[in-house]
Amino acid sequence: MLTGRLCWVPLLLALGVGSGSGGGGGSRRRRLLAAKVNKHKPWIETSYHGVITENNDTVILDPPLVALDKDAPVPFAGEICAFKIHGQELPFEAVVLNKTSGEGRLRAKSPIDCELQKEYTFIIQAYDCGAGPRETAWKKSHKAVVHIQVKDVNEFAPTFKEPAYKAVVTEGKIYDSILQVEAVDEDCSPQYSQICNYEIVTTDVPFAIDRNGNIRNTEKLSYDKQRQYEILVTAYDCGQKPAAQDTLVQVDVKPVCKPGWQDWTKRIEYQPGSGSVPLFPSIHLETCDGAVSSIQITTELQTNYIGKGCDRETYSERSLQKLCGASSGIIDLLPSPSAATNWTAGLLVDSSEMIFKFDGRQGAKIPDGIVPKNLTDQFTITMWMKHGPSPGVRAEKETILCNSDKTEMNRHHYALYVHNCRLVFLLRKDFDQADTFRPAEFHWKLDQICDKEWHYYVINVEFPVVTLYMDGATYEPYLVTNDWPIHPSHIAMQLTVGACWQGGEVTKPRFAQFFHGSLASLTIRPGKMESQKVISCLQACKEGLDINSLESLGQGIKYHFNPSQSVLVMEGDDIGNINRALQKVSYINSRQFPTAGVRRLRVSSKVQCFGEDVCISVPDVDAYVMVLQAIEPQISLRGTDRLWRPAAQFESARGVTLFPDIKIVSTFAKAETPGEPKATAPKSAVLEEMLHNLDFCDILVLGGDLDPRQECLELNHSELHQRHLDATNSTAGYSIYGVGSMSRYEQVLHHIRYRNWHPASLESRRFRIKCSELNGRYTSNEFNLEVSILHEVRMSDKEHVSHLIVQPPFLQSVHHPESRSSIQRSSVVPSIATVVIIISVCMLVFVVAMGVYRVRIAHQHFTQETEAAKEAEMDWDDSALTITVNPMEKHEEPGHGEEETEEEEEEEVEEDVSSSSSDSEDSEEEEEEEGMGRGRHGQSGARQAQLEWDDSALPY
């Protein structure tokens, strides 16, 4: 083709093309020549395929963009001047790179976004340059189709369709797919827009995910182990670009439907004094659609580790016997250690419950005279005992109670012991009581004897019949052996507890057959057996199960309590009624001060189904009641702590009342509410009074015991009996006991009297009171009282003036803010105003008679007496008041003395006394009275000094 173009060149030169000569004719010839020269259209390919990378302007075409013209190498006519793209708003343009060769390039006018348009198709044509530079007759090629594909760039990260996913699975199963997560990519190409992989980001979780986003569990899940899982998942596109944000997958583990009780709490708190508290107010039974025909529920309150098997009253055994209506005559063999009952002082004891622990190395001797030698054919032995298996291969006898020979011999007259988990009672009669072969040993074999739990034992003896009551149930002996009576002798007997006294057949008398275990409330009552009602009362618990609103239990519910109310059995055939019945079961503790601690609860169920061999099994409910600590009371004794009485009153039949105004008050510190600020000092603590019972008050004699030949403490038994209290009297003091209110004890203490037949040698007697609640668990302060003799002074007439001008020592007024109100309330103690009036009248009579000289002597004596009795507090008793009237005095005119009021007489005497003692330097009180008397009653000095005595205004 190039050869063809070169052939045209000589011809054009010959015709003169390109020369400048010729004028107008030349122009015509040029047009003619152009028409002949530019006679071919440019040529391009019919179609092109191009690729452009996203966000780039270069298009790579296949084949390349090149236009050819057959008019070449003719200038202009054989050159390519342009490429034109046909279409609206196309983002491409074509430019000519070389006109001669016809090479061109297709490029983007603006960034290309694959996500907006992946492909472009348009028409392109090539244009030559025409005949010359000024010619416009360009020729264009045919239309070629251009198809351009946009190449994608991985600019977008995968995103999940949901921000979070949730699924619920049942425990114990392996799932192929729990749920499917799905992510998308906004890139336009399959390579970058497709998700090729998913991955779990959270480590150490029992889950896996596949390439399609399906999550499965790799092991069986447990609801009890973990109830919810939260895992993070990410996604990758095929360009391995991760997701911009991970997604959260929450998997909840649902328990397998297991039959059982739902919606109950393990810990139930009990505040003392709150009455009956429901244990499971929202509990209900899940049967998993089981065909249940009936159900039996057993609720058990386990309290065997609290006190003596449960929370019982911790009063002394003597007080408990009286509360339960037992007959009198009980003898407590294990009382609280005291001066009168000192044989238990050396034993190991839990003072809060009065439990005595025996470790196999100790015993206690009961003093002679505590228990009579002859118990008669009827008597009762009671005790609380906790005992385990006997130590050693061949267990020896473990003595609880033993009455044996004190010396010479080793005969056991009666004994109670444990041997190989058998309880044995030995009773040997004397020949003077029986001379035949009689029952002597009674054996009981019970599992409870060695179960290390507390049990209450009562042995009723009505010889030859012996009956055992354990926890209220009756047991007959399984074995009774006979023996001959004991030969009579004059050997004394020794009663012991915790071991048996071996007085003979050994080199040195000693204890033997020691007891291993715990004992409490060991008593013996000679001459009488105990009734079943009293036995049940003595072992009754003060805590137990209860049912709120029995009438609302619903029809078809049967229930039964055991005697101690620690076990409740309910039965019914309707699940709804059973649920409501169990919701009404409650715990109650009637003690005002219960034992704090844990009480375990267990609810067991037995289910029957309709005609099915296999029925559902309901697990037990294990919970506990936490009894909180009760508020501890502070018991206070208050009253007059110093008394003076004349000797005649000590010698009288009624004696001297010791505690006429004693008060017993119990208080507790009020707990602060959450909104109140805490107290900054102890003085700001709020004390509130509370009411509770007392179980004894002891009145002790201080400074030596009473001498029964000349003194004693007395109390009418009617005062005790009508208040259901008892008392014991000894030279060491008076003990009042029995469970009663504080007001009852106050009333009894008000009637305690002290008598002394020879008071002349008595200077003073001191007493001390101490009261208790719950057998010493809470005790009062020690209240001390001192009683003194009020001596009557007899003097001659001359001495009357000097001594009566002075206030007697027993009339000195003691200014005590706490006792002022009690003095005004007491009928025994006169008011201060009355005392002042009487003294003033006496002083006035003798001041006028004797003069100023004797007044000064009397005042000096008064000063000495005042220093000696300054701190003394006393009661007014008018039996020792001696009023001496001078027979030489002239009486006042009738009616004149009655016009004088008591206040005027008092003020006149104050004025005279203050004027007569104005020279004394250490009598400030008289000077104050003098100033006051002169300011208010200046005219009283003109009255007559002789007064007639009038006692109508004296309150006795």
Side-chain angles (χ1 to χ4, degrees), residues 50-60 89 91-92 108 110-121 147-258 262:
V51 176
I52 183 172
T53 303
E54 192 176 19
N55 300 324
N56 201 346
D57 62 349
T58 301
V59 179
I60 300 175
E89 299 180 359
F92 297 99
S110 60
I112 302 300
D113 191 351
C114 179
E115 286 71 34
L116 295 178
Q117 190 169 344
K118 298 180 181 180
E119 294 180 348
Y120 294 89
T121 302
H147 180 77
I148 298 177
Q149 184 177 4
V150 180
K151 184 179 181 181
D152 189 20
V153 174
N154 195 5
E155 59 181 336
F156 290 99
T159 59
F160 287 93
K161 288 185 176 181
E162 300 292 339
Y165 294 83
K166 289 186 178 181
V168 178
V169 297
T170 302
E171 65 173 344
K173 294 178 61 177
I174 296 293
Y175 289 82
D176 294 333
S177 177
I178 296 175
L179 81 160
Q180 184 181 20
V181 297
E182 186 177 0
V184 295
D185 197 313
E186 294 182 1
D187 289 315
C188 64
S189 64
Q191 180 182 3
Y192 298 136
S193 64
Q194 291 183 359
I195 306 301
C196 287
N197 191 23
Y198 291 91
E199 182 180 330
I200 295 177
V201 178
T202 307
T203 59
D204 299 329
V205 289
F207 297 96
I209 190 170
D210 61 14
R211 299 183 63 180
N212 296 322
N214 294 307
I215 298 177
R216 60 183 177 86
N217 58 319
T218 57
E219 62 183 45
K220 294 181 179 180
L221 305 180
S222 172
Y223 176 80
D224 296 330
K225 181 179 179 181
Q226 189 167 346
R227 301 184 180 184
Q228 186 183 81
Y229 292 88
E230 291 184 348
I231 58 178
L232 294 176
V233 176
T234 189
Y236 294 91
D237 60 17
C238 293
Q240 294 302 309
K241 189 167 189 175
Q245 184 176 2
D246 301 334
T247 188
L248 175 66
V249 179
Q250 180 177 309
V251 180
D252 293 328
V253 181
K254 183 179 68 174
V256 176
C257 185
K258 297 178 181 178
Q262 306 292 332

Could you tell me whether [X] atom [atom1] has more than 12 heavy atoms of other residues or ligands within 6.0 Å of it?
X: Ile200; atom1: CD1; result: yes
X: Gln245; atom1: CD; result: no
X: Lys151; atom1: NZ; result: no

Is the distance between the ring centroids of Phe156 and Tyr192 under 6.0 Å?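 That pair fails the under 6.0 Å test.
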So how far is it from Asn214 CG to Tyr198 OH, rounded to the nearest 0.5 Å?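 That separation rounds to 9.5 Å.
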Please report the interatomic distance CD(Glu119) to SG(Cys114), rounded to the nearest 0.5 Å.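 That separation rounds to 9.0 Å.
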How about [X] and [Y]: do any of their side-chain heavy atoms sit closer than 4.5 Å?
X: Val184; Y: Phe160; answer: no
X: Thr218; Y: Phe207; answer: no
X: Tyr236; Y: Pro242; answer: yes
X: Ile209; Y: Val233; answer: yes
X: Ile52; Y: Thr58; answer: no
X: Pro158; Y: Ile195; answer: yes
X: Asp252; Y: Val169; answer: no
X: Val253; Y: Tyr229; answer: yes

Side chains of Ser189 and Asp152: is there a donor and an acceptor less than 3.5 Å apart?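 There is such a pair (donor and acceptor under 3.5 Å, judged by atom type) between the side chains of Ser189 and Asp152.
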Will you find, in the side chains of Asp246 and Thr234, an N or O donor that is under 3.5 Å from an N or O acceptor?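 On atom types as modelled, these side chains qualify, holding a pair under 3.5 Å.
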Could you go through the side-chain contact (heavy atoms from CB on, under 4.5 Å) check for Asp185 and Gln194 one step at a time? CA-CA 7 Å; Asp185 197 313; Gln194 291 183 359; over 6 Å; no
Looking only at heavy atoms, what is the nearest atom pair of [X] and [Y], with distance?
X: Pro206; Y: Leu221; value: CG-CD2, 3.7 Å
X: Gln228; Y: Glu230; value: OE1-OE2, 3.6 Å
X: Asn56; Y: Ala108; value: O-CB, 4.1 Å
X: Asp113; Y: Glu54; value: OD1-OE2, 2.8 Å

Using a 3.5 Å distance criterion without hydrogens, assess whether the side chain of Asn197 forms a donor-acceptor pair with backbone atoms of Arg211.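 Not a single qualifying donor-acceptor pair exists.
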Would Val153 and Thr53 count as a side-chain contact (heavy atoms from CB on, under 4.5 Å) if you check the C-alpha gap in whole Å, the side-chain angles of each, and the deciding distance to 0.1 Å? CA-CA 8 Å; Val153 174; Thr53 303; 4.1 Å; yes
Test side-chain contact (heavy atoms from CB on, under 4.5 Å) on Arg216 and Ser177 and set out the steps. CA-CA 5 Å; Arg216 60 183 177 86; Ser177 177; 5.6 Å; no
Any pair counted as side chain to side chain donor-acceptor pair (under 3.5 Å), so long as it reaches residues 155-175, sequence neighbours left out: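 As it turns out, the side chain to side chain donor-acceptor pair (under 3.5 Å) pairs with a partner in residues 155-175, which skip direct neighbours, are Lys161-Glu182.
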Pair Leu232, Val249 - check side-chain contact (heavy atoms from CB on, under 4.5 Å), show working. CA-CA 6 Å; Leu232 294 176; Val249 179; over 6 Å; no
